[in-house]
Every structure is written in C-alpha cells, then in structure tokens.
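Notes to accompany the following structure.
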Amino acid sequence: MNIIFQDNGNHLDDWLNALKKTLPQANVRVWQEGDTAPADYAIVWKPPVAMLREQVGLKAIFSRGAGVDGILQLAANLPQGVPVVRLSDAGMGIQMAEYVTHAVLRYFRQFDSYQTLARTADWRFLRPNMRAAFSIGVLGLGVLGQRVIQALQHFDFTVNGWSRSPKDLPGVSCFSGRENLAAFMQASKVLVCILPLTEETKGLLNRENLSHLPQSAYLINVGRGGHLVEADLLPLIQQGRIAGATLDVFSEEPLPALHPFWQEPRITLTPHIAAMTMIEESVVQIAAKMQALEQGMPITGVVNFSRGY
Ligand code: NDP
Ligand code: OXD
C-alpha cells in the first residue's frame, strides 16, 4: 500500500512514526512538489492542488481534520470519483466539549465581571443569571455538536439544536432547515456554531440572523471563520445587542495583527485550537478505514460532495 502524506510543518515525525507503527506494511512518502508517482491513499490538510490533481489510481483522500472545506475548495481539480474521508471525533469531541463548556460557564457565572471587580478589591455580588432563561443553541448536530450537547446537559442547561435534516435527540429542542433558523435563534441565549463550512452555511452568522438572538446573547464560534460575517459582529457587540463572543476560527488565519477583534475586550480569541487533531487516534482511525477499503468493506465519514460535508 502506497500512501502520500502532506507535510504542512506540524509534527511530521510524530505522524510518520504513528503511521509506521499502525501500518507497518505501508510505504509512506512525504509528498514533494513534482511528485506524481502513483499512490493508493493520500493524507492531507488543506492540500496544494498539485498534490492531488495529477494522481491516478488513488482509492481515497483522508482529511487530517473533521472539516473538509480546505479539500473541497479544490473539488474541480480532485481526481474524479475518489472519495474524501473526514475524521469522525478521533479525540476531538472531548476537546470541543471542554472548550464550549468553559466558554458557556465563564459567561453564565460572570467570571470576567468578577475578575474585573477583583482588580480593584471590589467585594460585590452580581445578580446571578437564571439557568431557566439561559438556553444554549447549538448550530450543527453532528459528531462534535452532539458531544458538546452531552457535556452541556450535565450542567442542566436547556439546549436547542439546529441541523440540516430533522433530528430527535434526548432532551434537545431540535430545529432544522433555514425556515426554522429564526425561531431557533430567538430561543438561544448562547449560540454555539459547530457547523461545517459549505455553500449553504457560509456567512450564516450575519447581522440579520444574529439579530434574532435575545438581548445580551453570547456567541461561540468553533466552526469556521467563514460562518461569521466579522464586520457585522463588532457593531452588535458595541451596541450591547450581543454581550460578547468567544471565537476560535477566523476568515483569515492567523488573524492579522491589525484586526479589530484583537482590541475588543468582550471578544475572547483562541488560535483555532478548540479541538486539535490527535495524531495517534487519527492514525488508528485512518488506518482502520484503509484496511476496510482494501477488503472491499464500507466505511463511515465519506464526504458528500454535493452537501459539502
Ligand atoms: P458532522 O458532519 O458530523 O456534523 C455536521 C452537522 O452540521 C450536522 O448536524 C449537519 O446536519 C449540520 N449541517 C450541515 N450543513 C447544514 C445546513 N446547511 N443547515 C443546517 N445544518 C447543517 O461534523 P462534525 O461535527 O464532525 O464537525 C463539524 C465542524 O466542526 C467541522 O466541519 C469543522 O468545520 C469544525 N471543527 C472545528 C474545529 C476547531 O478546532 N475549531 C475542530 C474540528 C472541527 P445533518 O445532521 O442534518 O447532516
Ligand atoms: C478540523 C479542525 O476540522 O481542526 O478538524 O478545524
């Protein structure tokens, strides 16, 4: 089995060692510019077009992430009929649950306000937020969205969920489709975006849709930067319409040093680390799927090109 691996400067040795350990019989080579020699499988993250365009005989392209927007943007140049396979959880679910729960509890329990008071030795009680008036809306009820919801439910939060197709999840008020987006937003004091970036979801977090949120709502975006119309968020925060945001993903990454988000204290920024790819878990998952494909067995996580995820 021949595998081409795209090096994007992150932990190459760890990936190669894990692949060697898990697939000792495979011949893994790091793709270099000009390499068009045949391979059975490619393992990539935002690959250059030249890596895949010339490949004949590929059996599958494996994403090193759950999101595949960085691969599908090359769709016109991908070898025809080759499946793209995304990571399903692979250690990311628990991280996403930690990240979102932390951001929700920080806002709900007003830790930032208490920290500000503490700086001036101000011993004061703030009126607590009422859990009953603090519903959390999760956009995206896939592998990661459902893991996040499970974590939030441990704290007895009321949870709303929104997906493309209708869902029935225990204890969750499920909404689906664009026609129900406004009702979902109106019912969600905290909005968590864990959607894939597709033609349909791009720019979804715009002024119009965000304006359906209740007064002083809070935004957490861990999906993709392209979901948020960044220029629409700042005025909503400055007008007090939205209380603040925790953002892990941006339309341009790294976020440029002069971007106004850096200067807005009500926005907490992290550098796309909400759920990081775990090398060991990912390699085990990818290797199991390669072995299944070799035996003609079906696999999960195959991307639907027309849906975009
Ligand atoms: P899944 O494919 O398992 O779930 C995607 C969910 O989004 C599904 O519930 C799907 O609906 C819903 N969805 C897709 N399109 C629409 C639409 N047009 N309208 C309404 N709902 C829609 O993905 P994962 O949960 O594994 O991952 C989600 C995303 O999280 C990734 O694509 C990536 O962008 C992001 N991510 C971010 C990371 C970070 O560190 N910040 C790390 C990992 C992932 P349905 O159920 O009906 O299909
Ligand atoms: C992913 C990511 O999609 O890390 O896996 O963003």
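Below, all heavy atoms of this structure are taken into account, side chains as well, without hydrogens, waters or symmetry copies. Just so you know, ligand 1 is whichever comes first in the structure, and atom 1 is the first atom listed for that ligand.
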Candidates Leu233, Asn206, Val249 - the one meeting side chain to side chain contact (heavy atoms under 4.5 Å, CB included) with Leu228: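 Exactly one candidate clears the test, Leu233.
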
Does [X] reach ligand 1 with a nitrogen or oxygen that is under 3.5 Å from one of the ligand's nitrogen or oxygen atoms?
X      : value
Val249 : no
Leu87  : no
Thr201 : no

Protein heavy atom at shortest distance from [atom]:
atom                    : result
atom 30 (O) of ligand 1 : Ile194 CG2, 3.8 Å
atom 7 (O) of ligand 1  : Pro196 CD, 3.3 Å
atom 1 (C) of ligand 2  : Ala66 N, 3.4 Å
atom 2 (C) of ligand 2  : His272 NE2, 3.5 Å
atom 19 (N) of ligand 1 : Trp162 CH2, 3.3 Å
atom 48 (O) of ligand 1 : Tyr309 OH, 2.5 Å
atom 4 (O) of ligand 1  : Gly142 CA, 3.1 Å
atom 21 (N) of ligand 1 : Arg164 N, 2.9 Å

Give a yes-or-no answer on whether the side chains of [X] and [Y] include a donor-acceptor pair shorter than 3.5 Å.
X      : Y      : value
Ser188 : Asn160 : yes
Ser306 : Asn304 : yes
Arg106 : Thr268 : yes

Mark up the atoms of ligand 2 that fall under 4.0 Å of a heavy atom belonging to [X], in ascending order.
X      : value
Arg224 : 1 (C), 2 (C), 3 (O), 6 (O)
Gly67  : 1 (C), 3 (O), 5 (O)
Ala275 : 4 (O)

Side chain to side chain, Arg178 and Leu204, heavy atoms closer than 4.5 Å: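 The answer is yes; the side chains approach within 4.5 Å.
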
May I ask you to list the atoms of ligand 1 that are less than 4.0 angstrom from any heavy atom of [X]?
X      : result
Leu141 : 6 (C), 8 (C), 9 (O)
Gly223 : 34 (O), 35 (C), 37 (C)
Arg224 : 33 (C), 34 (O), 35 (C), 36 (N), 37 (C)
Ala275 : 39 (C), 40 (O), 42 (C)
Gly140 : 6 (C), 7 (O), 9 (O)
Met92  : 43 (C)
Leu195 : 7 (O), 12 (C), 13 (N), 21 (N), 22 (C), 29 (C), 34 (O)
Val222 : 35 (C), 36 (N), 37 (C), 38 (C), 39 (C), 41 (N)

Is [X] touching ligand 1 with its side chain, its backbone, both, or neither, if touching means heavy atoms under 4.0 Å apart?
X      : value
Glu200 : side chain
Asp248 : side chain
Arg86  : side chain

With a 4.0 Å cut-off on N to O distance, would you call [X] and [Y] a salt bridge?
X      : Y      : answer
Arg224 : Asp69  : yes
Lys21  : Glu280 : yes
Arg147 : Asp89  : no
Lys59  : Glu294 : yes

Can you find an N/O atom of [X] closer than 3.5 Å to an N/O atom of ligand 2?
X     : result
Gly65 : no
Trp45 : no
Met92 : no

At the 4.0 Å heavy-atom cut-off, does [X] count as touching ligand 1?
X      : result
Lys167 : yes
Met96  : yes
Gly65  : no
Thr198 : no
Gln95  : no

Stacked cation flag Arg86 on Tyr309, 6.0 angstrom / 45 deg: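 No - Arg86 does not lie over the ring of Tyr309 by the 6.0 Å and 45° rule.
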
Crowding at [atom1], [X] (>12 non-hydrogen neighbours, <6.0 Å):
X      : atom1 : answer
Gln25  : CD    : yes
Glu179 : CD    : yes
Glu199 : CD    : no
Lys202 : NZ    : no

Mutual orientation of the aromatic rings belonging to Phe134 and Tyr107 [parallel < 30°, tilted 30-60°, perpendicular > 60°]: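 Ring orientation, 0 to 90° scale: tilted.
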
Parallel, tilted or perpendicular, as decided by the 30° and 60° cut-offs, for the rings of His259 and Phe261: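 Aromatic pair Phe261/His259 classed tilted.
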
Flag, side chain of Thr201 to backbone of Thr198, donor-acceptor distance under 3.5 Å: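 Yes, because the side chain of Thr201 sits within donor-acceptor range (under 3.5 Å) of the backbone of Thr198.
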
Full working for ring pair (Phe, Tyr, Trp, His ring centres under 6.0 Å) between Phe5 and Trp15: CA-CA 9 Å; Phe5 183 89; Trp15 279 99; 5.6 Å; yes

Ring pair (Phe, Tyr, Trp, His ring centres under 6.0 Å) assessment of Phe155 paired with Phe108: CA-CA 11 Å; Phe155 292 94; Phe108 178 62; 9.3 Å; no

Option nearest atom 43 (C) of ligand 1 (shortest heavy-atom distance, choices Leu144, Val68, Thr277, Asn221):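 Checking each option, the heavy atom nearest atom 43 (C) of ligand 1 is found in Leu144.
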
